[in-house]
Amino acid sequence: MVIEASFLRTSPYFSNLNDEGLNLVQKFIFEKVFQRGDLIALEGDPAEALYFVFSGAVKVFKTSTDGKEQIFGIVRPGESFNDVPVFDDGPNPTNAQAMGPVVLYGIRRRDLDIILHKHCQVTLNVINVLAGRLRNLTSLVESLSFRPVIRRVARILLEYAGDGLGPHRRLTQQEMAALAGTAREVVARSLKALEGEGLIRMERHRIVITNQKSLEDMAEVSS
Amino acid sequence: MAVEMPVVDPEKCNGCGLCISVCYCNALIMIDNVVTIIETEECGWCTACEAVCPTEAISCHFEIVIENPTR
C-alpha cells in the first residue's frame, strides 16, 4: 500500500511537514475500508487509532438512551476523527459510521508519539487541529444549551408554511439553519423532536404541520 | 409524473463525488466532473447528499404545509 505524500499534505496534521517527516508518517500509516452503515468506532470502546478520511464520508454522532441521535459532524476527505481519545487515552466519546464506501488511513498512538517527538511541526499542527475542534464544539454547545433553537425552528416553519395549493417559498435544512442562526445538525434534531412530539410530520420533501396550535405555543406566537 | 429530486448547482459542484458515495438509491452519477441526478421514486429524501456536500451545491428543498389550518 502506497500512501500519497500529496494526500498527507492536505491534512492539517501534516501541513508544512518536511519530506523526512512525511516518509516517517507513510511508514506508520495503515489502510482500512468500510461499507455503508459500518460502525467504525463505538462510544465507550478503546480508541484504536487516529483516522484520516481518504475517500467517502463518516458520520460522528452520539445516541441517547431513548434513541435520539445528535450528529457532531460529517468528516470528509482530508479530515480526521478519533483525535480526542487517541490523545487522552480515554474511550471513544462518540460513534463513527460510514455513510457510504469509505477508505481510511489510520495511525496508532504509539506511532504518533514517535512522530510528535521527532517533528515539532506536527505538534504545532495538532494544537491547531484540537483548538479548531474545541471552537466548533463550543459553538454547538451554545446552540444546544443557551439558545431556544427548537422555538426558532417552530417559528420558521409557521412563517414559511403555505396552504399546499399555491406556490410558496421552500426551504432546505441548510437554509433553516441559517435562518435560525444554528448548525444544520441542530435543525435536523429539532425537526425530529417536533415530529416526536406530534407537531409535524416529515414526508418526502414536505414538512406537514399537524398541530398548528401546539406549534404556535412552542414558537410563542400570539394568535 | 415527474419525481421531484434534489437539485445540483453545477456552478458550485466541485466534482468530489461524496454525494454519490452516500446515496443509497444510486440517484446520482458523475458526468463531465459534475454530479447529475437521475429521477427515481426510490429517493426517500434522506438529505444525506446535501449534508455531505462541502460546497453546498446540492439542495433538498422542503415544502412546508399546514394540514388543517386553524385560520
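Basis for what follows: all heavy atoms, side chains included, without hydrogens, waters or symmetry-related copies. Just so we're on the same page: letters track the sequence lines, and every chain starts at 1.
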message: Quick one about B:T47 and A:R184 (side-chain donor to acceptor, distance below 3.5 Å, no hydrogens or angles considered), yes or no?
response: yes
- request: Give the member of A:I209, A:L157, A:V102 that has the highest number of heavy-atom pairs under 4.5 Å with chain B.
  value: A:I209
Can any side-chain N or O of [X] pair as donor or acceptor with the backbone N or O of [Y] at less than 3.5 Å?
X: A:T182; Y: A:V187; answer: no
X: A:N211; Y: A:L199; answer: no
X: A:E195; Y: A:I200; answer: no
X: B:E50; Y: B:C60; answer: yes

message: At a 4.5 Å cut-off on heavy atoms, which part of B:C43 comes close to chain A: side chain, backbone, both, or neither?
response: both
- line: Bottom line for B:C19: the part with an atom under 4.5 Å from chain A's heavy atoms is neither
Would you check if [X] and [Y] make a side-chain contact, meaning some heavy-atom pair closer than 4.5 Å?
X: A:M202; Y: B:F62; result: yes
X: A:K32; Y: A:Y51; result: yes
X: A:V58; Y: A:F34; result: no

message: Applying a heavy-atom distance below 4.5 Å, give me the residues of residues 127-135 of chain A that approach chain B, sorted by number.
response: none
Side chain, backbone, both or neither: which part of [X] has a non-hydrogen atom closer than 4.5 Å to chain B?
X: A:R36; value: side chain
X: A:Q173; value: both
X: A:I74; value: side chain

More than 12 heavy atoms from other groups under 6.0 Å of CD on B:E56: no
